[in-house]
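All remarks here apply to the structure that follows.
Nothing here was measured: the structure is a model prediction, and the numbers come from that model.
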Amino acid sequence: MKARLTFSVNDLAETRFAVSPMWEVVTSCRALAAAAVPDPHRGWADQVRPRLAAAGLDRGWLADMIPPIGHLPDFLNPAPATASPDLSDELAAIEATDPEQVRRDLDCLAAERDGRLSSRLRSLHRTPWTYLPRIVGEIEDYWRLAIAPYWARIRSVLEADVFHRGRQVAEQGTAQALDELHHTVRWASGGLHLVQRHCAITRIETGAGLLLVPSVFAWPRVLTRSVVSESPQLAYPARGIGTLWERRTHERMDALAAVIGRSRALILAELDSPASTTELAQRSGLSAAGVSQHLTALRAAGLTSTHRAGRSVLYARTGLADALLTTQA
């Protein structure tokens, strides 16, 4: 399928970029639902799948609504009101979704499933206002287990992409930036041409402008959202995904160790992937008690964050710690 999204001068003026936590929730769920998780994310999937299964989220609302291919419920991706909304802002918008929008999305899912919906989704179709709070609660649980421990790293990739695109717009113009979003997206004759599309996206009944959302989990595809009276959205693979999960070299570790101590610098270096106190003790060779004390100090300094996963507490490096450990070009 091919689609063409036309642009007026006003549409170009209202084209903007945003980082969206909910797009990462939806696209990561889709990646986990695939027969084979896309190559860059397999290590992440191996880490989070056991946590999600233990919490029953592998068979929850999101698993029921988000297929590996086909229609994605538009109500799960409300238009970000700012360039970088909090997850709580997007969840509030989801809970306030017009019931008719929920029903339209479920009708699209049913059409792709030979008219059949699960009993749970049929209940959602009847009384969306009853079940939207439950869905929001499940999203919060999913975020805590699958995204939050990695969010500092993911967000840095997304923000770097927006910075690059913004600079490109300033230096080369919006048309050039749109033309380089993805190999299936092409700017020509006053419009954005999209090929290999499952769902069409057009100006008919949509709002002005275009909302461009970089995503790490959308790779390798471009995804769209088109809702009456709202700006269409296009989620595209962010630059830098190939190195997102790579274990990093930490050129500043010795310098940082001179300030905070070698043991604490070592713990930060070992947090390339989130880990519990026990795991960090095994990785670093330090005692569990010592690791615990160091983590308390690092958290107080804003260098680590904590995320509960079942009975365990996972520690993750913050963006500040990443900046301290990695030499900037």
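- A salt bridge links Arg225 and Glu230; the closest N-O separation between the charged side-chain nitrogens and carboxylate oxygens is under 4.0 Å.
- Salt bridge Arg239/Asp161: absent, no basic N to carboxylate O contact under 4.0 Å.
- Taking hydrophobic clusters as Ile, Leu, Val, Met, Phe, Trp and Tyr residues chained together by side-chain heavy-atom distances below 4.5 Å, Leu295 shares a cluster with Val313.
- At a cut-off of 3.5 Å, with distance as the only test, no side-chain donor of Gln233 or Thr224 sits close to an acceptor on the other residue.
- No side-chain donor-acceptor contact under 3.5 Å links Ser292 and Thr277.
- Residue Trp23 is grouped with residue Tyr150 when hydrophobic side chains (ILVMFWY) are merged at heavy-atom distances under 4.5 angstrom, including chains of intermediate members.
- Two residues are said to be in side-chain contact when any heavy atoms from C-beta on lie closer than 4.5 Å; Val259 and Leu324 fail this criterion.
- Between the side chain of Glu112 and the main chain of Gly70, no donor-acceptor pair closer than 3.5 Å is present.
- Glu14 and Ser231 share no donor-acceptor pair across their side chains, judged by distance under 3.5 Å alone.
- With rounding to the nearest 0.5 angstrom, the CD atom of Glu180 is 14.0 Å from the CZ atom of Arg186.
- Closest approach of Phe75 to Asp105, counting heavy atoms only: N-OD2, 2.9 Å.
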Notebook entry, point to check: Does the pair Val102 and Tyr131 meet the rule for a side-chain contact (heavy atoms from CB on, under 4.5 Å), with working shown?
Noted result: CA-CA 11 Å; Val102 177; Tyr131 296 99; over 6 Å; no

Next item on the list: Begin from the C-alpha positions of Asp58 and Arg49 and carry the test side-chain contact (heavy atoms from CB on, under 4.5 Å) through to its verdict.
Entry: CA-CA 8 Å; Asp58 58 334; Arg49 273 179 165 159; over 6 Å; no

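- No side-chain donor-acceptor contact under 3.5 Å links Arg153 and Ser156.
- Side-chain contact between Val162 and Arg165 is absent, with no heavy atoms from C-beta onward closer than 4.5 Å.
- Between the side chain of Ser276 and the main chain of Glu279, a donor-acceptor pair closer than 3.5 Å is present.
- Minimum interatomic distance between Leu211 and Pro80 (heavy atoms only, all atoms of both residues): CD2-CD, 3.1 Å.
- Side-chain rings of Trp44 and Phe217 approach one another, their centers coming within less than 6.0 Å.
- Counting only heavy atoms from C-beta outward, the side chains of Thr97 and Pro128 never approach each other to under 4.5 Å.
- Side-chain contact annotation: His41 with Trp245, donor-acceptor N/O pair under 3.5 Å present.
- Atom CD1 in Ile135 sits 8.0 Å away from atom CG in Leu62 (nearest 0.5 Å).
- When all heavy atoms are compared, the tightest approach of Leu76 to Ile94 is O-CD1, 3.7 Å.
- Put simply, CG on Leu194 and CG on Leu234 are 6.0 Å apart, with the number rounded to the nearest 0.5 Å.
- Put simply, the side chain of Asp86 never gets that close to the backbone of Ser88: no donor and acceptor are under 3.5 Å apart.
- For the residue pair Gly302 and Thr318, the shortest heavy atom distance occurs at O-OG1, 2.8 Å.
- Ion pairing of Glu138 with Arg134 is absent here, as no side-chain N (NZ or NE/NH1/NH2) approaches a carboxylate O to less than 4.0 Å.
- Counting heavy atoms from C-beta outward, Asp74 and Gln101 have side chains that approach closer than 4.5 Å.
- Residues Thr130 and Leu124 form no side-chain contact, since every pair of their non-hydrogen atoms from C-beta on lies 4.5 Å or further apart.
- Transitive grouping of hydrophobic side chains (ILVMFWY, heavy atoms separated by less than 4.5 Å) brings Leu298 and Leu320 into a common cluster.
- Taking the six-membered ring where tryptophan is involved, the planes of Trp187 and Phe7 are perpendicular, since the angle between them exceeds 60° and thus also 30°.
- Between the CZ atom of Arg126 and the CG atom of Leu106 there is a distance of 11.5 Å, given to the nearest 0.5 Å.
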Next item on the list: Check the pair Phe17 / Val213 against side-chain contact (heavy atoms from CB on, under 4.5 Å), numbers first and verdict last.
Entry: CA-CA 6 Å; Phe17 290 86; Val213 185; over 6 Å; no

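- By the neighbour-count criterion of 12 heavy atoms within 6.0 Å, atom CZ of Arg42 is densely surrounded, having more than that number from other residues, nucleotides or ligands.
- Side chains of Met65 and Leu117 form no contact here, defined as non-hydrogen atoms less than 4.5 Å apart.
- With no hydrogens or angles considered, a side-chain donor-acceptor pair links Ser305 and His307 at under 3.5 Å.
- In terms of heavy-atom proximity, Pro237 sits nearest to Val222 at CD-CG2, 4.2 Å.
- Atom CG of residue Leu57 and atom CZ of residue Arg144 lie 8.0 Å apart, to the nearest 0.5 angstrom.
- Environment of CZ in Arg155: crowded, with over 12 heavy atoms of neighbouring residues, nucleotides or ligands closer than 6.0 Å.
- A donor-acceptor contact shorter than 3.5 Å is absent between the side chain of Arg317 and the backbone of Thr304.
- The nearest pair of heavy atoms linking Ala53 to Arg59 is O-NH1, 3.9 Å.
- In this structure, Glu90 contributes its side chain and Ser20 its backbone to no donor-acceptor pair below 3.5 Å.
- Side-chain atoms of Glu95 never come within 3.5 Å of backbone atoms of Pro133 as a donor-acceptor pair (strictly under, hydrogens ignored).
- Without hydrogens or angle criteria, His71 side chain to Ala110 main chain gives no donor-acceptor distance under 3.5 Å.
- For Arg122, the CZ atom sits in a packed shell: over 12 heavy atoms of surrounding residues, nucleotides or ligands are nearer than 6.0 Å.
- Connection of Leu244 to Val48 is established within a shared hydrophobic cluster, with ILVMFWY side chains joined at heavy-atom distances below 4.5 Å, either directly or through further cluster members.
- Rounding to the nearest 0.5 Å places CD1 of Ile154 at 10.5 Å from CD1 of Ile241.
- Using a 4.5 Å cut-off between side-chain heavy atoms of Ile, Leu, Val, Met, Phe, Trp and Tyr, with links allowed through other members, Tyr142 and Leu87 fall into the same hydrophobic cluster.
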Item checked: Worked check of side-chain contact (heavy atoms from CB on, under 4.5 Å) between Leu210 and Asp11 -> CA-CA 7 Å; Leu210 176 65; Asp11 290 319; over 6 Å; no

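- Under the 4.5 Å side-chain criterion, counting only non-hydrogen atoms from C-beta, Leu223 is in contact with Arg30.
- Side-chain contact check for Leu268 versus Leu303: some heavy-atom pair is nearer than 4.5 Å.
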